[in-house]
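Positions are given from 1 along the sequence. All ligand and atom numbering here is 1-based and tracks the order in the structure. All of these numbers come straight from a predicted model, not from anything done at the bench.
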Amino acid sequence: MTLTEVCNILKSKNNIEILTHASPDGDTLGCGFALCLALQQQGKNARVITDSMPKKFEYLKNGVKEQNFQREFVVSTDIAALSLLGANAEEYKDIIDLCIDHHGSNNIEIENKYVDSTAAAACEIIYSLICEMDVTVTKDIANCLYTGIATDTGCFRFSNTTAKTHAIAAELMNAGCDFALINKNMFDTKSKERMALEHDLYDTMEYFAQGRGAIICVTLEMLEKLNITSDDTEGIEAIPRMIEGVLMGITVKQKAENSYKVSVRTNDGINASDFCKKFGGGGHMAAAGCKITGDYESVKSRLIKAAEEFI
Ligand SMILES: [Mn+2]
């Protein structure tokens, strides 16, 4: 599909639900609420469906009207696979009408699909889309889109950042987004619980592949002991890759008794998405994920063995 076709479809629809992925991040929420605001500005009914709403992203709802309606059209944003719908999967897996995403690995099989893997954030696509829709980019919309772009690029530091990323960010600044406040809240603020978690996290760190790989783990027991929510674990995936000489950083987060979410971050052209595909996941070149079941020791040894062969 072209962006114009996406725009025309949305213009012809009303009563629209916008889906975000499980454990939502700044990009999927930024997309959801920006698109919702854009559709409402055009006189349509719209709402965002989330499986949770981290407190630090509450401001993304600013200006969004709560509307009661029967859904007629469902759009997914920043969702690469139906499995990432999480708790909402059963209700929505067969009724998505339009998929907008920036993951090259997107495997949602529907006719109306717009995937641009050159976009650093799905919010870049939403920006172009709402410009095409002749929506006025309000401060609230700009804050949503800037949040998605800043978080998916690690504040414009990751290699996915392009000149276009900066050009869009500049337009969002012209529209009055609170860039300094957003960046302070997203990148330079840690809760006391988070500091305590990082302290414990370093104890779990192990190296493999002669120091070219590092793995860390967060268990439910650690979260419980520190009395913290999974909100406070966001971004810890970046930690193992920061270490000098590490090409692959693996973060294992326990989700339930024998169930783990694995995040892989890589340097120097190591394909994180290909690695995660071995475990049924996927993602981007330098950032990907998968889910693995089993007890922690066996999950860890499977990951390390596969990673040593892969690196
Ligand atoms: Mn994204």
Side-chain angles (χ1 to χ4, degrees), residues 3 6 18-36 38 48-54 56-57 60 75-86 88 96 98-108 113-130 141-162 164-166 168-169 172 177 182-183 186-187 230-231 233-238 241 251 253 261-266 271-273 276 281-291:
L3 205 59
V6 174
I18 306 157
L19 303 181
T20 55
H21 62 67
S23 308
D25 62 8
D27 191 30
T28 196
L29 292 171
C31 284
F33 290 107
L35 185 58
C36 186
V48 181
I49 307 297
T50 60
D51 81 337
S52 59
M53 188 72 194
K56 71 175 197 175
F57 292 125
L60 298 176
V75 187
S76 69
T77 56
D78 195 37
I79 304 177
L82 294 175
S83 60
L84 299 173
L85 282 168
N88 296 322
I96 298 172
L98 170 66
C99 164
I100 300 173
D101 188 25
H102 71 126
H103 295 90
S105 64
N106 186 299
N107 65 2
I108 297 179
K113 181 163 151 174
Y114 185 87
V115 177
D116 177 3
S117 61
T118 70
C123 277
E124 285 189 17
I125 303 171
I126 300 295
Y127 174 78
S128 303
L129 173 65
I130 66 177
I141 291 177
N143 279 340
C144 289
L145 296 176
Y146 188 90
T147 299
I149 291 171
T151 52
D152 260 26
T153 59
C155 208
F156 306 91
R157 289 174 302 135
F158 300 160
S159 57
N160 59 353
T161 309
T162 65
K164 189 177 174 188
T165 310
H166 283 284
I168 294 173
L172 298 173
C177 76
I182 291 169
N183 288 328
M186 295 299 139
F187 304 105
S230 52
D231 274 23
T233 69
E234 202 198 298
I236 60 166
E237 305 80 16
R241 187 178 57 179
T251 303
K253 287 183 187 173
K261 185 179 170 210
V262 178
S263 301
V264 176
R265 299 290 182 270
T266 56
N271 193 323
S273 183
C276 288
H284 303 284
M285 178 75 186
C290 57
K291 286 177 184 162

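Ser273 and Asn271 form no side-chain donor-acceptor contact under 3.5 Å, judged by distance and modelled atom types alone. When only modelled atom types and interatomic distance are considered, Asn160 and His102 share no side-chain donor-acceptor pair under 3.5 Å.
Per residue Asp27, closest N, O or S atom to the Mn ion (ligand 1): atom name OD2.
Side chains of Leu85 and Ile96 form a contact here, defined as non-hydrogen atoms less than 4.5 Å apart.
Residue side and main chain included, His102 places an N/O/S atom under 2.8 Å of the Mn ion (ligand 1). Among the backbone and side-chain atoms of Asp25, no N/O/S atom is found under 2.8 Å from the Mn ion (ligand 1). At a threshold of 2.8 Å, the Mn ion (ligand 1) has no backbone or side-chain N, O or S atom of Asp101 nearer than that distance.
When OD2 of Asp152 and OD1 of Asp78 are joined through the Mn ion (ligand 1), the resulting angle is 170° to the nearest 10°.
For the residue pair Ile108 and Lys113, the shortest heavy atom distance occurs at O-NZ, 2.8 Å.
With hydrogens and angles ignored, the 3.5 Å screen pairs no side-chain donor or acceptor of Arg265 with any backbone N or O of Ala287.
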